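Following: one structure in structure tokens, then a few remarks.
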Amino acid sequence: MIGISKSFPGVQALSNVSFDLHKGEVHALLGENGAGKSTLTKILSGVYTRDSGEIIFKGKQVSFSTPRQAQLAGITTIYQELNQIPQLSVAENIFLGNEQERGFLIDWKTMREEATRLLARLHLKVDPRTPVSQLGVGQQQMVEVARALHHKSDIIIMDEPTSALSIQEIDDLFEIIRQLKASGVAIIYISHHLEESFQIGDRITVLRDGHLVTTRPTSEMTLETLISAMVGRSLSEQFPKEEVQRGAEVLRVEGLSQGDKLHDISFSVHAGEMLGIAGLVGAGRTELVRAIFGADPITAGKFYVDGREIRISSPRDAIRHGIALLTEDRKQQGLLLQMSVRENISLSVLGRLTRGLFTNRQVESDLAGKYIRELSIRTPSQLQQVINLSGGNQQKVILGKWISTAPRVLIFDEPTRGIDVGAKAEIYKLMNQLAKQGVAIIVVSSEMPEILGMSDRIMVICEGYVTGFLSHAEATQEKVMELATAHRGVEEQRNNHNTRDNQHAASSGTA
Ligand SMILES: Nc1ncnc2c1ncn2[C@@H]1O[C@H](COP(=O)(O)OP(=O)(O)OP(=O)(O)O)[C@@H](O)[C@H]1O
Ligand SMILES: [Mg+2]
């Protein structure tokens, strides 16, 4: 790609960016939220058309006007938000839009055989007839890879592929990336987990504000030089944890259970305290915070706010008692994608802003301005539609929206997923500020350094049971992992007694 430029109304997303990719190479494309990474790859894959510049693919000048054209030519993108049809089977998804036909009939037999062959190549032990809705996110991603293989892609673009994967699934993905490399596929790899680029990247390209900063072999870069290339300055501290005086108990949960997912969970969190919840994927962390927020029904348990028992049977109840839940899932966050940044931020406090029948525009815009500044939301104006912001900046809008409701208890489920290093540090600072103001904070995170760095106390859960609490001082990665796997033995015993059920377990398990 030579001298690529692209502007959107009010934004110069890319200015004269050149990028090259070799056969059998993993090229990491990095930069802060809004730097232009997704835009560059979308120009390559026919989603956007460039304003200027050239694309040379296998020696020929090309220009794809749809993603389908690009895919047929050998360029496939695997997005974080998967574009599969959940009701259809694995095989059907692999062949989507490209069914094998024999006369007028779809040739299911050939399709299934080809699917089985592709899945075997990826070491994915699932029956091609399984609906993809029954697979975990990691396996769904593998199905996308199978689709890319089926199309004999020369280039596979992975835009934040690991953000929803477990450690095991990331290992599996890396193994597959190595295989793809070995067979000559070129991969563009976008991720905010910078250490991943060092693990599998051959070269790194950094973009900043739509400009090319550098392209270099991974071996010539360190984490420090990479971060300063990305943010244009060096970051003094990644986890600026501040000591905050712990206040009175704000929320107490007693004996919370939910079917066979959560078992007798009790804990409390105080004003100014940050409680981290750690555990492996599937341990029940998200189920737990959703239950506290009233998003899912519980089978037993009591909640107390300021020592008084309260009833939470819907998110409405939770919000009324000052409990806010910020989840990783942007689509379910109530972000109104077609509406502006300003409207989204002020939406949840609209009651407070409404005088008579009219929203007080000045107050609304001051509020939005404040959060755009504090969270460094990159947007050309308050009036930009949220759908046009980059992924990480959408996440920051959600954050602004919840913080503006002045909650007593703020629960974060994976708060920094998809957010760049600089903005992460800003979010941690903001958590500190909120803690100082007496907000009780609960953080669920799969990022161990984040949990260890920011929590005053860590509650570890495993298979729906609390297996221990660790203070900030005593917590180490090893101790957390030990507690996070403490119940494994129990589960394995249970499975061994259940061999008849194993067929399903084996086909849906992630090993
Ligand atoms: N369809 C669009 N309309 C208007 N602006 C857009 C559109 N797509 C992207 N932009 C803007 O272009 C810039 C680059 O966005 P892009 O999505 O490429 O960033 P990114 O590097 O992928 O960021 P992230 O890490 O947050 O995903 C941003 O300012 C974004 O708001
Ligand atoms: Mg992006």
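Ligands are counted one by one from 1 in listed order, and the atoms in each one are counted from 1 as well. Everything numeric here is computed off the predicted structure, so don't read it as measured data.
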Is ligand 1 less than 4.0 angstrom away from at least one heavy atom of Glu32? yes

Of the protein's non-hydrogen atoms, which lies at the shortest distance from atom 12 (O) of ligand 1, and what is that distance? Ala13 CB, 3.4 Å

Listed by chain and number, what are the side-chain hydrogen bond (donor to acceptor under 3.5 Å, both in side chains) partners of Thr215, not counting sequence neighbours? Thr205

Between Gly34, Gly36, Ser191, flag the one that comes closest to atom 13 (C) of ligand 1 by a heavy atom. Gly34

Measure the distance from atom 9 (C) of ligand 1 to every protein heavy atom, then report the residue, atom name and distance (to 0.1 Å) of the closest one. Phe8 CE1, 3.5 Å

Check this for me - ligand 1, Val11, N or O atoms closer than 3.5 angstrom, yes or no? no

Nearest heavy atoms of Thr379 and Gln384, plus distance in Å: OG1-CB, 3.2 Å

Looking only at N/O atoms, are Ser390 and ligand 1 under 3.5 Å apart anywhere? yes

Of the protein's non-hydrogen atoms, which lies at the shortest distance from atom 15 (O) of ligand 1, and what is that distance? Thr39 OG1, 3.6 Å

Just to check, does Leu389 reach to within less than 4.0 Å of ligand 1 when the distance is taken from its heavy atoms? yes

Take atom CE of Met448 as the centre, draw a 6.0 Å sphere, and report whether it contains more than 12 heavy atoms from other residues, nucleotides or ligands. yes

May I ask you to check if ligand 1 and Gly31 share an N or O to N or O distance below 3.5 Å? no

Side-chain (Asp456) to main-chain (Met274) donor-acceptor, under 3.5 angstrom: yes

When rounded to the nearest 0.5 angstrom, what distance separates OG1 in Thr214 from CZ in Arg203? 10.5 Å

Tell me, with the steps shown, if Glu32 and Arg208 meet salt bridge (Lys or Arg N to Asp or Glu O under 4.0 Å). CA-CA 7 Å; Glu32 292 186 282; Arg208 192 197 313 147; 5.8 Å; no

Classify the side-chain pair Glu414/Ser446 by whether it contains a donor and acceptor separated by less than 3.5 Å. yes

Protein N/O/S atoms closer than 2.8 Å to the Mg ion (ligand 2) number 1

Does one side chain, of Thr222 or Thr225, offer a donor that lies under 3.5 Å from an acceptor on the other? yes

Take Thr286 and Asp413, measure what side chain to side chain donor-acceptor pair (under 3.5 Å) needs, and give me the verdict at the end. CA-CA 7 Å; Thr286 292; Asp413 190 0; 2.8 Å; yes

Is the shortest N/O to N/O distance between Pro9 and ligand 1 below 3.5 Å? no

What protein heavy atom sits nearest atom 30 (C) of ligand 1, and how far away is it? Asn388 O, 3.4 Å

Tell me whether Lys6 forms a cation-pi arrangement with Phe8, defined as NZ or CZ under 6.0 Å from the six-membered ring centre and within 45 degrees of its axis. yes

Protein residue, atom and distance nearest to atom 1 (N) of ligand 1, heavy-atom basis: Tyr48 OH, 3.3 Å

Under 4.0 Å, heavy atoms only, figure out whether ligand 1 is touched by the backbone of Lys42, its side chain, both or neither. neither

From OH (Tyr189) to CD (Glu160), nearest 0.5 Å: 10.0 Å

